[in-house]
Amino acid sequence: MSELTITVIRLGFLAVLWLFVLTAISVMRSDLFGVRPASVRPAPVPAPRPAKPVKIKPNRRNTPSKLVVTAGSLTGTTVALTEAQVTLGRAPDSTIVLDDDYASNRHARLYPSNGEWLVEDLGSTNGTYLDRDRVTQPTPVAIGVPIRIGKTAFELRK
């Protein structure tokens, strides 16, 4: 082979080697810092429709008297319901302290309002679910409907 052919092959190999190195650096950078979109504006998110207010008449026979943990590490734990709110989370000052990897420090709260109990998510990372629906605003809780936080489930009972 001529000297020119060998030099062209060496330069081609060097170019492919540098392309590989730069691609590897780009992949590691995107793994560490995330991918930056090139001046892309996010699509506008439509505002959620307000839920229709549900009026439930206060009825002493259908008023829950306790909160029972039905699933998770605290299964069987019961908290008597009074006029005070019940806080749920990993914080030590919570009414029910959850030992759940999917629970936030101040995850959710249950509180009485107009003769019914409402559940409210307190800005948790993984969300609070009432039955299978994610709680996005204070929502009335019926007796026997599961409230789920991570692997832990609760129910209001008479």
Side-chain angles (χ1 to χ4, degrees), residues 1-54 66-79 81 84-111 113 116-157:
M1 278 204 246
S2 70
E3 193 70 29
L4 180 63
T5 307
I6 293 175
T7 304
V8 169
I9 291 173
R10 285 181 181 172
L11 288 175
F13 179 73
L14 187 61
V16 169
L17 183 64
W18 273 106
L19 181 66
F20 173 75
V21 169
L22 292 175
T23 303
I25 290 172
S26 172
V27 167
M28 287 189 301
R29 184 182 154 274
S30 68
D31 282 348
L32 290 175
F33 303 112
V35 180
R36 285 191 234 163
S39 67
V40 176
R41 287 187 169 166
V45 178
R49 292 184 296 176
K52 294 180 182 177
V54 177
K66 59 187 172 182
L67 177 68
V68 179
V69 181
T70 58
S73 61
L74 298 172
T75 302
T77 303
T78 302
V79 174
L81 298 176
Q85 72 176 0
V86 177
T87 56
L88 308 165
R90 296 176 78 166
D93 62 342
S94 297
T95 308
I96 297 181
V97 179
L98 301 175
D99 185 26
D100 195 325
D101 293 335
Y102 299 102
S104 299
N105 282 335
R106 308 233 184 282
H107 198 98
R109 72 180 181 134
L110 280 163
Y111 61 95
S113 177
E116 62 184 356
W117 283 84
L118 303 175
V119 64
E120 178 182 16
D121 186 78
L122 299 176
S124 64
T125 305
N126 295 315
T128 303
Y129 292 86
L130 182 60
D131 201 8
R132 292 186 178 166
D133 300 324
R134 188 169 182 151
V135 175
T136 56
Q137 61 187 9
T139 307
V141 181
I143 294 175
V145 175
I147 302 166
R148 185 167 299 278
I149 296 175
K151 297 176 182 175
T152 309
F154 311 88
E155 284 183 10
L156 293 178
R157 294 192 180 160

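When a residue number appears, it is its place in the shown sequence, counting from 1. Values below: every heavy atom of this structure, side chains too, minus hydrogens, waters and symmetry copies.
- Within the structure, salt bridge (charged side-chain N to carboxylate O under 4.0 Å, His left out) contacts touching residues 130-157 (residues at least two apart or in different chains) are E155-R157.
- S104 contributes atom OG, which lies 9.0 Å from atom CD1 of I149 (distance to the nearest 0.5 angstrom).
- When the shell of 6.0 Å around OH of Y129 is examined, it contains more than 12 heavy atoms from other residues, nucleotides or ligands.
- Under the side-chain contact (heavy atoms from CB on, under 4.5 Å) rule, T128 has a single partner from D121, T139, L88, L122, which is D121.
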Step by step, would you call L110 with L118 a side chain to side chain contact (heavy atoms under 4.5 Å, CB included)?
CA-CA 6 Å; L110 280 163; L118 303 175; over 6 Å; no
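- The side chain to side chain contact (heavy atoms under 4.5 Å, CB included) test applied to T78 returns K66, V68, not counting sequence neighbours.
- Smallest separation of non-hydrogen atoms from G127 and S124: N-OG, 3.1 Å.
- For the atom pair CG (L98) and CG (N105), the distance works out to 10.5 Å, reported to the nearest 0.5 Å.
- Remark: T5 engages S2 in a side-chain hydrogen bond (donor to acceptor under 3.5 Å, both in side chains) (not counting sequence neighbours).
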Report the C-alpha distance between L81 and L156 in whole Å, list the side-chain angles of each, state the deciding distance to 0.1 Å, and finish with yes or no for side chain to side chain contact (heavy atoms under 4.5 Å, CB included).
CA-CA 9 Å; L81 298 176; L156 293 178; 3.6 Å; yes
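- Rounded to the nearest 0.5 angstrom, I25 CD1 and F20 CZ are separated by 10.5 Å.
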Is there a side chain to side chain contact (heavy atoms under 4.5 Å, CB included) between F154 and I96? Walk through the geometry before answering.
CA-CA 11 Å; F154 311 88; I96 297 181; 4.0 Å; yes
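- Counting only residues at least two apart or on different chains, no side-chain hydrogen bond (donor to acceptor under 3.5 Å, both in side chains) pair has a member in residues 7-18.
- Looking at residues two or more places apart in sequence or on another chain, you find a side-chain hydrogen bond (donor to acceptor under 3.5 Å, both in side chains) between T95 and T87.
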Set out, in order, the CA-CA distance, both residues' side-chain angles and the distance that settles side chain to side chain contact (heavy atoms under 4.5 Å, CB included) for V141 and L130, then state yes or no.
CA-CA 8 Å; V141 181; L130 182 60; 4.0 Å; yes
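- Evaluation of the salt bridge (charged side-chain N to carboxylate O under 4.0 Å, His left out) test over residues 96-111, restricted to residues two or more places apart or in two chains, returns D93-R106, R109-E120.
- Atom CH2 in W117 sits 9.0 Å away from atom CD in Q85 (nearest 0.5 Å).
- Across every non-hydrogen atom of P138 and Y111, the tightest pair is CB-OH, 3.2 Å.
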